Amino acid sequence: MALVQNEQRYRVLIELGIALSAERNHNRLMEKILQGAKGLSHADGGTLYLVTEAKDALQFEIMLNDTLNIAMGGTTGKQIPFPPLSLRDDDGTPNHSNVSSHCALTGTTITIADAYNIDSFDFSGTKAFDVQTGYRSKSFLTVPLKNYEGEPIGVLQLINARDSDNQVIAFGDDIVPLIEALASQAAVALDNQRLIEAQQTLFKSFISVIAGSIDAKSPYTGGHCHRVPAVTLMLARAACDATDGPFADFSLTEDEWYELEIAAGLHDCGKVITPEYIVDKATKLETIYNRIHEVRMRFEVCKRDAVIACLEGLLAGSEDPETLTRRRDETLARLDDDFAFVAECNVGGEFMAPEKIERLKKIAVQTWTRTLDDQMGLSINELRRRPAEPSAPPVVESLLADKPWHRIPHEPPVDVARYEAEGFKIRPLETLYDLGEIYNLCISRGTLTAEDRFKINDHIVQTVLMLKALPFPRTLARVPEWAASHHEKMDGTGYPCGLTRDQMSLPARMMAIADIFEALTAADRPYKKPKTLSDSLKIMSSMARDHHIDPDLWRLFLSSGVWKRYADEYLRSEQVDAVDIAALLG
Ligand SMILES: [Fe+2]
Ligand SMILES: [Fe+2]
């Protein structure tokens with residue numbers, strides 16, 4: 001009979017061990033530990049304590065008592081009203097008077113047949129509890145939960161073992177090793193859970209730091225990397241909550257939520273290598289500074305030359321003074337006008353009509369005379385790019401020029417084969433940057449050259465390559481795909497891979513919507529007024545019609561009120577205007 005009972009207990013113990021190692025939820029884990037120990041020892045009640053972070057007290061985590069019908073802590077949702085049990089007195093003396101704190105301090109198992117018959121521990125609290133409830137706390141088994149370093153991380157206390165007639169008995173010698181074995185497995189499970197949690201928290205914080213550093217690179221796009229995850233998670237929540245329609249069956253496990261959060265946080269991580277002056281290129285001549293100042297100085301030189309030519313002519317008496325001064329004034333007025341035009345072209349924005357490009361080219365061929373060696377004071381890199389001076393100064397220079405050394409090569413050369421191997425449809429251009437003055441000033445829309453545009457778009461390629469280089473565990477295996485598809489379009493015209501809707505996962509499609517919505521509604525672009533909510537939603541509705549974003553997800557975004565929740569939390573009040581959702585849902 002005893003043999004059968006023991007076999008049964010061992011089986012329960014093994015099953016419990018397996019269940020504990022599989023449990024990921026902290027409260028459920030603690031409940032399983034206490035329930036398991038209670039069941040194995042046939043105890044009436046019990047308490048599970050965990051040592052606090054500061055290691056100075058035992059925190060009540062879960063408390064059960066069948067007779068008194070008490071179930072607190074764990075998954076019950078009921079708070080345990082008792083304060084933590086101090087492991088030390090106010091003067092720092094270890095608290096050995098309480099059996100649980102003694103157990104935590106010494107790491108030893110304590111078996112007590114009747115708490116009312118011993119003096120070695122202070123059971124006054126227990127006795128007061130008994131008076132209050134009419135209960136009779138008698139036998140106790142108090143076992144430490146030790147981590148892999150042998151350090152107690154908690155205490156498992158069982159009360160009132162019962163025999164087959166439900167009479168309270170002492171915890172038998174046969175049961176103590178089993179409870180100790182269970183406590184040991186429980187400690188490992190709890191410790192694992194803590195380590196996983198700590199690792200997840202660390203990883204999340206690390207990603208938040210990276211996102212913060214990318215956001216900090218640009219005052220224009222600051223906050224983007226933090227707000228895109230917020231929209232993404234709101235939309236994913238709406239999909240999980242949907243009870244009908246295309247997302248009725250959509251759900252995410254705890255691991256998948258974490259995976260999505262990580263992916264969203266890393267979605268633009270490739271931007272760490274995008275130069276700030278490209279991200280923020282606000283004028284056409286901008287590199288690390290706005291080269292309009294350099295161009296303006298050339299115009300100043302030309303103006304001085306016009307004045308000097310006039311004065312020299314007057315001095316020589318070779319020409320009619322009136323002709324000379326009229327010519328000077330005409331030249332000065334033309335230069336003023338030309339510079340104003342160049343400055344206007346530099347600001348960008350407006351479309352560069354062909355006649356404007358023609359005028360720019362005419363201005364460019366005007367000359368000025370340089371009398372100083374332009375090889376002096378250069379960096380080694382610049383010298384490498386520039387050929388030696390063709391002739392000694394003075395040298396006649398164009399007012400604006402596209403020079404060979406304006407073309408900055410890729411160094412080291414781009415690994416085009418990698419672009420092919422990864423299935424990227426975008427390809428690097430022949431040169432990394434082209435700083436040509438005419439070339440830049442002729443940019444027909446905005447301020448970016450094709451090379452600048454590629455560099456910006458390339459952030460997604462870099463995101464893929466960076467994320468693929470990371471050894472993500474199985475539970476985060478989809479982070480690269482989810483993170484790096486947010487510039488793809490449903491009709492296959494996006495980048496970097498030209499994926500279509502069918503080739504994209506739902507989380508990737510969610511992130512595409514989140515990325516555009518955040519960028520459209522962002523208020524931190526100093527060069528433009530933030531868009532209103534209604535305008536942003538209208539633009540995105542037309543994107544859905546044009547199959548740029550997922551139309552089903554867009555309908556969910558509108559119908560679930562994600563847009564409203566996001567607007568209330570993140571947009572400026574002046575952006576949040578009236579929205580006709582019925583019209584947008586059409
Ligand atoms: Fe991006
Ligand atoms: Fe983004």
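A quick note: this is a predicted structure, and the numbers were derived from the prediction, not measured. Read the numbers this way: they start at 1 and go in the same order the structure lists the ligands and their atoms. The first residue of the sequence shown is numbered 1, and numbering continues consecutively from there. All values below come from the heavy atoms of this structure, side chains included, with hydrogens, waters and symmetry mates left out.
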In sequence, state the C-alpha distance, the side-chain angles, and the governing distance for Glu420 and Lys425, and then conclude on salt bridge (Lys or Arg N to Asp or Glu O under 4.0 Å).
-> CA-CA 8 Å; Glu420 267 162 35; Lys425 297 284 187 289; over 6 Å; no

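At least one N/O/S atom of Asp515, from backbone or side chain, sits under 2.8 Å from the Fe ion (ligand 2). The Fe ion (ligand 2) has no N, O or S atom of His486 closer than 2.8 Å. Here His459 meets the criterion, with an N, O or S atom under 2.8 Å of the Fe ion (ligand 1). Among the atoms of Cys225, none of the N, O or S atoms falls under 2.8 Å from the Fe ion (ligand 2).
Salt bridge status for Arg359 with Asp338: present, with a side-chain N to carboxylate O gap under 4.0 Å.
Taking the six-membered ring wherever Trp is involved, the centroid distance between the rings of His548 and His487 does not fall below 6.0 Å.
When you scan the N, O or S atoms of His267 for the one nearest the Fe ion (ligand 2), you land on NE2. Atom NE2 is the N/O/S atom of His224 found closest to the Fe ion (ligand 2). Taking the Fe ion (ligand 1) as reference, Asp268 places its N/O/S atom OD1 nearest.
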Can you give me every donor-acceptor pair (side chain of residues 239-247, partner residue at least two apart or in another chain, under 3.5 Å) with its distance?
none

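At a cut-off of 3.5 Å, with distance as the only test, no side-chain donor of Asp402 or Tyr439 sits close to an acceptor on the other residue.
In Arg427, the CZ atom is crowded: over 12 heavy atoms of neighbouring residues, nucleotides or ligands sit closer than 6.0 Å.
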